[in-house]
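All remarks here apply to the structure that follows.
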Amino acid sequence: MVGPKRPQIVLFGSSIVQLSFSNGGWGSILADVYSRTADIVLRGYYGWNSSRAVQVLDQVFPQDETTQPSLVIVYFGGNDSMGPHSSGLGPHVALTEYVENMRKIATHIKSLSKKTRVILLSCPPVNEDKVRENTSNFFSEMVRNNELCKTYSDACIELGKEVGVKCVDLFNALQSHKDWENACFTDGVHLSEEGSKIVVEEILKVLKEAEWEPKLHWTSMETEFGENSPYDLVAYDGKTTINPSKWTYHREIKWD
């Protein structure tokens, strides 16, 4: 463990979380945005559904830890929403079970501490043509379509309202891009850099509007070692220094 201890923002979910540091992903963008204010912790598991997540909740989020995360961003739903396989195997989770699993996840995380917050990400759409193109001999029959995605997305959003948890509507947010089917995905399912930018924008919007104490939007959080120092770069006048601790000029997007 390195110090000083910072607030932790944990990303918990399936492959859209595991891959969030790849290809300009949304996790890597958040790590940059919060680079002097919080640690972004990745807990993503390729291929997982909400049922498998529930099995390890106590291992990923032990309740007896002295330091608990400030925020957990949870994504499960894409694998759950796949059509059931004839064998009974596979990642499909019935809608009612999915809702109860997400309720258990949200409730467990909220119970970690009075200051631990949760944001749910709903099931995003897919590029159905691309999904069909990517079918290979490695996998048996797979049913993945936007009718199912929307059903699970709507259920996640309704659950968020029911249990008092913020939720990002990824299904509709990604479709706000004019060429979303091609621009937002690498393979029809997983997010491209363009898709990830939309996810970050929606997350930051929630964080900016949330009436939480302490606030968790990056502009409202304390900058680590942000005090002025005589070791900072010397200003043009040759007498003062310039504090660079909050510089963001390097960012392609000036995140709000």
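One-based numbering along the sequence shown.
- Take F225 and apply the side chain to side chain contact (heavy atoms under 4.5 Å, CB included) test, not counting sequence neighbours, and it matches P4, R36, E227.
- Expressed to the nearest 0.5 Å, how far CD of E224 lies from NZ of K5 amounts to 13.0 Å.
- Atom NZ of K114 sits in a sparse spot, with 12 or fewer heavy atoms from other residues, nucleotides or ligands closer than 6.0 Å.
- Of all heavy-atom pairs spanning L148 and S81, the tightest one is CD1-O, 3.3 Å.
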Pair T241-S229, side-chain contact (heavy atoms from CB on, under 4.5 Å): steps then yes or no: CA-CA 7 Å; T241 56; S229 169; over 6 Å; no
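- Between the CZ atom of F185 and the CG atom of N127 there is a distance of 7.0 Å, given to the nearest 0.5 Å.
- Remark: the backbone N or O of I40 is not paired with any side-chain donor or acceptor of R6 at under 3.5 angstrom.
- With rounding to the nearest 0.5 Å, the separation of CZ in R144 from CD in E128 is 11.5 Å.
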Full working for side-chain contact (heavy atoms from CB on, under 4.5 Å) between I157 and Y152: CA-CA 9 Å; I157 293 167; Y152 281 68; over 6 Å; no
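- Residues S50 and D80 share a closest heavy-atom pair of OG-OD2, 2.5 Å.
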Chi angles and distances behind the side-chain contact (heavy atoms from CB on, under 4.5 Å) call for V74, L121: CA-CA 6 Å; V74 180; L121 305 182; over 6 Å; no
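- Inter-residue side-chain proximity for H177 and E194 is flagged as met; some heavy-atom pair is nearer than 4.5 Å.
- Inter-residue side-chain proximity for I242 and W247 is flagged as met; some heavy-atom pair is nearer than 4.5 Å.
- At a threshold of 4.5 Å between non-hydrogen side-chain atoms, the residues V72 and R43 do not count as touching.
- In this structure, the side chain of S192 engages the main chain of A183 through a donor-acceptor pair within 3.5 Å.
- Checked by atom type and distance alone, the side chain of S176 never pairs as donor or acceptor with a backbone atom of N172 at under 3.5 Å.
- When only modelled atom types and interatomic distance are considered, H92 and N49 share no side-chain donor-acceptor pair under 3.5 Å.
- Scored by the salt bridge (Lys or Arg N to Asp or Glu O under 4.0 Å) test, E97 finds no partners at all (sequence neighbours excluded).
- Residues passing the side chain to side chain contact (heavy atoms under 4.5 Å, CB included) test with E222: none are found, sequence neighbours excluded.
- No donor-acceptor pair closer than 3.5 Å links the side chain of E100 to the backbone N or O of T96.
- Side-chain atoms of N146 never come within 3.5 Å of backbone atoms of C149 as a donor-acceptor pair (strictly under, hydrogens ignored).
- Cluster membership check: W180 shares its hydrophobic cluster with L191, using side-chain heavy-atom separations under 4.5 Å among Ile, Leu, Val, Met, Phe, Trp and Tyr.
- Hydrophobic clustering, with ILVMFWY side chains joined whenever heavy atoms are under 4.5 angstrom apart, groups Y45 together with V56.
- Expressed to the nearest 0.5 Å, how far NE2 of H217 lies from OH of Y34 amounts to 6.0 Å.
- In terms of heavy-atom proximity, K208 sits nearest to D256 at NZ-OD1, 2.6 Å.
- Side-chain contact check for I9 versus L30: every heavy-atom pair is 4.5 Å or farther apart.
- Residues I105 and V99 share a hydrophobic cluster, clusters being chains of Ile/Leu/Val/Met/Phe/Trp/Tyr side chains in contact below 4.5 Å.
- Proximity of a side-chain donor or acceptor of N23 to a complementary backbone N or O of G25 within less than 3.5 Å is not detected.
- Between the R117 side chain and the P69 main chain, no donor and acceptor come within less than 3.5 Å of each other.
- Within the 3.5 Å criterion, the main-chain N or O of Q18 finds no donor-acceptor partner in the side chain of Y46.
- Ring centers of F12 and F76: under 6.0 Å apart, within the cut-off.
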Donor-acceptor pairs are to be reported for all side-chain atoms of residues 58-67 against protein atoms at under 3.5 Å, with residues two or more places apart or in another chain.
unit_1: Q63; atom_1: NE2; unit_2: S111; atom_2: OG; d: 2.7

Test side-chain contact (heavy atoms from CB on, under 4.5 Å) applied to V118 and L71, step by step: CA-CA 6 Å; V118 185; L71 171 66; 5.8 Å; no
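- Within the model, atoms CD1 of I203 and CD1 of I73 stand 4.0 Å from one another, a figure rounded to the nearest 0.5 Å.
- Look at K115 and E213 and you find no salt bridge, because none of the NZ, NE, NH1 or NH2 atoms lies under 4.0 Å from a carboxylate O.
- Under the 4.5 Å side-chain contact rule for hydrophobic residues, L170 and L120 do not share a cluster.
- For S122, the side chain to side chain donor-acceptor pair (under 3.5 Å) test picks out S153, with sequence neighbours left out.
- Remark: the backbone N or O of P91 is not paired with any side-chain donor or acceptor of W48 at under 3.5 angstrom.
- Residue I29 comes nearest to K197 through the heavy atom pair CD1-CG, 4.2 Å, listed as atom of the first residue, atom of the second, then distance.
- Taking the side chain as every heavy atom from C-beta outward, C156 and Y98 approach each other to under 4.5 Å.
- Residue S20 comes nearest to L42 through the heavy atom pair OG-CD1, 3.5 Å, listed as atom of the first residue, atom of the second, then distance.
- Judged purely by distance below 3.5 Å, without hydrogens or angles, the side chains of D237 and T240 pair a donor atom with an acceptor atom.
- Taking 4.5 Å as the limit, some side-chain heavy atom of I119 sits within range of a side-chain heavy atom of L207.
- Linking Ile, Leu, Val, Met, Phe, Trp and Tyr residues whenever their side-chain heavy atoms come within less than 4.5 Å leaves V199 and V41 in two separate clusters.
- Formation of a donor-acceptor pair under 3.5 Å by the K130 side chain with backbone atoms of T186 is not found in this model.
- Put simply, the side chain of Y75 reaches to within 4.5 Å of the side chain of S14, judged on heavy atoms.
- Side-chain contact between W26 and I16: present, with at least one pair of heavy atoms (C-beta onward) separated by less than 4.5 Å.
- Scored by the salt bridge (Lys or Arg N to Asp or Glu O under 4.0 Å) test, D232 finds no partners at all (sequence neighbours excluded).
- Contact between I198 and C184 at its shortest, heavy atoms only, is CD1-SG, 3.9 Å.
- Separation of atoms CG (L204) and CD (E202) is listed at 9.5 Å; rounding is to 0.5 Å.
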